[in-house]
Amino acid sequence: MYLSTSRASDVAGDTPAPKGPLRAVPGTVFALGLVSLVTDVSAEMVTAVLPLYLMAGLGMSPLAFGALDGLHQGATAVLRLAGGRIADRTRRHKLVAGAGYALSAACKAALLAAATPWSVAAVLAADRTGKGLRTAPRDALISLSVPPGEQGRAFGVHRALDTAGALLGPLAAFGVLWVAVDGYAAVFTVSCCVAVLGVVLLALFVREAPAPAPAPSPAPDRTRPAPLPVRTLLRLPGLRRLCVTAAVLGLFTVGDAFLYLLLQRRLDLSAGYFPLLPVGTAAVFLLAALPVGRLADRLGRRRVFLGGHVLLLGACLLLLAPVPPAGAGALLVVGVLAPLGLFYAATDGVLMAAAGPLLPAGLRTTGLAVLQTAQALARFAGSLLFGAAWTLWGPGPALALAAAGLSLSLAAVSVVGSGHAGDTANS
C-alpha cells in the first residue's frame with residue numbers, strides 16, 4: 001500500500017514524505033496539498049462573502065448571479081484544455097500550474113478596484129482563467145506521482161489539505177468582517193496576500209513530475225497527419241463514459257452558493273453569520289476526503305461518485321421540506337451542510353482518480369482537462385438555468401426542478417453504467 005522510498009524520491013526529489021497518516025503519499029502530493037490549502041484560504045475568503053456582497057451590496061439579480069456562478073464553473077473550459085495541452089507538450093506541469101496560481105493571486109488585488117457587479121464579474125472571470133490553467137496540470141502531477149491502485153488515496157490526501165483551506169478561509173473572512181471598518185476591502189486585501197504565499201510555496205517545494213518512458217511505436221505513417229490528442233482521448237470508452245456521466249449530472253448540480261442563499265433565507269440568518277455556512281461544508285469535506293478516497297479505491301470510484309450526487313439530492317429535498325419549527329434550525333443547517341460536504345468528498349478527487357488510470361502518461365493532463373471541461377460546461381449551463389428559474393418562478397420551484405432533474409439523471413446514468421462490467425475497484 002505504501003510507496004517505496006525510491007519511488008517517492010524519484011517523484012519528489014529529495015523532499016521526504018511526511019510522517020503519520022500522510023506517509024503513504026510522496027512529497028509532491030503533500031506539497032501540492034499545502035499549496036492548495038493556502039490558495040483555498042485566499043479563494044474562500046472571497047467566495048464566502050461574494051453572494052451577499054453582489055446581491056445585497058451591489059444589487060445583482062438572481063439571474064445575473066446565476067450567470068456569474070456558472071462563470072465560475074464553465075467560462076474557463078477552453079483554458080482548461082489549453083493548459084492541459086501545453087503542460088503535456090512541454091512536460092512543464094509545474095510551470096503551467098504556477099502561471100494559473102499567479103494569475104489568480106493578481107485578481108485578488110484587482111477586486112479592490114472593482115466597484116460594479118460586472119467589473120467584479122470580469123475580475124472573477126480572470127481569476128477562473130487562472131484556476132482553469134492550473135487545475136489539470138496540478139491533478140496530473142498528483143496522478144503521475146502514484147500507482148493506479150492508490151489514486152483515490154492520493155487525491156483524498158490532497159483534497160483533505162485543500163479543504164482545510166476551504167475551512168479556514170470563511171473563518172478568516174468572518175474575523176476580518178468583525179474587526180475591519182471597511183470589511184469587504186479588508187477581506188480582498190488579506191486574500192491577495194495569502195494567495196501570493198501560495199505561489200511562493202509552489203515555486204519552492206513542488207517538484208516536476210518525471211517524464212514518462214517512451215513507448216515503442218511502429219514507423220510513422222507519413223501519408224496522413226497524426227490524430228488530434230483530444231479526438232484520440234475521446235475514443236477511449238472509459239473516458240468517454242466518465243465525461244458523459246459528469247456532464248449529465250453536472251447539468252443539475254445546484255451550486256453551493258445557491259444552497260447557502262436558500263438556507264440563509266429559510267432561517268433568516270444575519271449577513272454577519274453567512275460566511276460561516278461554508279465552514280460546515282468544508283469541515284465535513286476535510287474529515288471525509290481521505291476515508292472516502294480510500295473507500296473509492298476499494299468499492300469502485302464510479303459508485304462512490306454517483307453516491308455523492310445522491311447525498312446532494314438529499315440536501316436539496318431537505319431544503320424543500322416544510323419550514324422547521326423555531327428550535328430545529330440547527331438541525332436543518334446540519335442536514336444540508338453535512339451531505340453537501342460528503343458530496344464534495346465523494347465527487348471532487350474521486351472523479352480525477354477514476355480518470356487517471358484510463359489515460360496514457362503523456363496525455364494525462366489533457367485527458368483530465370477534457371473531463372473537467374465537460375463537467376464545467378454542464379455546471380455552467382446548470383447555473384444559468386437555475387438562476388433563470390429562480391428569477392421566473394422563485395427559489396422553491398427552481399430547487400424542485402433541479403432536484404427532479406438530478407433524480408432522473410442519476411437513474412439514467414445508473415442504468416447505462418450497469419451495462420458495463422468495468423466498474424471495478426479501480427475504475
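- Between Ala247 and Ala374 the shortest heavy-atom distance is CB-O, 3.8 Å.
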**OP:** Please assess Arg364 against Asp139 for the test salt bridge (charged side-chain N to carboxylate O under 4.0 Å, His left out), listing each intermediate value before the final yes or no.
**Re:** CA-CA 9 Å; Arg364 185 73 52 90; Asp139 286 347; over 6 Å; no
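- Put simply, CG on Leu161 and CG on Leu37 are 6.0 Å apart, with the number rounded to the nearest 0.5 Å.
- Minimum interatomic distance between Leu262 and Pro395 (heavy atoms only, all atoms of both residues): CD2-CB, 3.2 Å.
- A donor-acceptor pair under 3.5 Å is absent between the side-chain atoms of Arg138 and the main chain of Leu32, judged by distance alone.
- Considering all non-hydrogen atoms of both residues, Lys131 and Thr135 come closest at O-OG1, 2.6 Å.
- Of the possible donor and acceptor atoms, none in the side chain of Asp162 sits under 3.5 Å from a partner among the backbone N and O of Asp40.
- Donor-acceptor pairing under 3.5 Å is lacking for the side chains of Thr347 and His309.
- When the side chain to side chain contact (heavy atoms under 4.5 Å, CB included) test is applied to Leu311, the partners found at least two apart in sequence or on another chain are Pro339, Leu342.
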**OP:** Evaluate the criterion side chain to side chain contact (heavy atoms under 4.5 Å, CB included) for residue pair Val46 and Phe188; output intermediate values, then yes/no.
**Re:** CA-CA 7 Å; Val46 175; Phe188 298 152; 4.0 Å; yes
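- Shortest non-hydrogen contact noted between Leu103 and Gly130 is CD2-N, 3.6 Å.
- Shown here for Cys316 and Leu399, the closest heavy-atom pair between the two residues is O-CD2, 3.6 Å.
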**OP:** Starting from the C-alpha separation in whole Å, work towards a yes-or-no answer on side chain to side chain contact (heavy atoms under 4.5 Å, CB included) for Leu263 and Leu332.
**Re:** CA-CA 8 Å; Leu263 191 57; Leu332 180 61; 3.8 Å; yes
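- Partner Ile142 forms a side chain to side chain contact (heavy atoms under 4.5 Å, CB included) with one of Leu368, Thr28, Val29, Val157 and no other, that one being Val29.
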Original post:
Yes or no on side chain to side chain contact (heavy atoms under 4.5 Å, CB included) for Leu259 and Leu277, after CA distance, side-chain angles and deciding distance?
Top reply: CA-CA 10 Å; Leu259 293 178; Leu277 293 179; over 6 Å; no
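- Side chains of Val41 and Leu167 form no contact here, defined as non-hydrogen atoms less than 4.5 Å apart.
- Summarising the geometry, atom CG belonging to Leu408 is positioned 7.5 Å from atom CZ belonging to Phe252; distances are rounded to the nearest 0.5 Å.
- Between the side chains of Ser104 and Arg134, a donor-acceptor pair is found at a separation under 3.5 Å.
- Put simply, SG on Cys107 and CZ on Arg128 are 9.5 Å apart, with the number rounded to the nearest 0.5 Å.
- Within the model, atoms CG of Leu385 and CG of Leu401 stand 10.0 Å from one another, a figure rounded to the nearest 0.5 Å.
- Side-chain atoms of Gln151 come within 3.5 Å of backbone atoms of Ser143 as a donor-acceptor pair (strictly under, hydrogens ignored).
- How far OG1 of Thr365 is from NE2 of His93: 3.0 Å, rounded to the nearest 0.5 Å.
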**OP:** Kindly determine whether His158 and Met352 satisfy side chain to side chain contact (heavy atoms under 4.5 Å, CB included), including the steps that lead there.
**Re:** CA-CA 12 Å; His158 174 268; Met352 296 299 101; over 6 Å; no
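- A heavy-atom distance below 4.5 Å is found between the side chains of Phe285 and Asp348.
- Scanning both residues, Ser383 and Phe258, for their nearest heavy atoms gives O-CE1, 4.3 Å.
- Under the 3.5 Å distance criterion, with hydrogens and angles disregarded, a donor-acceptor pair is assigned to the side chains of Tyr260 and Thr281.
- Rounded to the nearest 0.5 Å, atoms CE (Met45) and OG1 (Thr189) are 9.0 Å apart.
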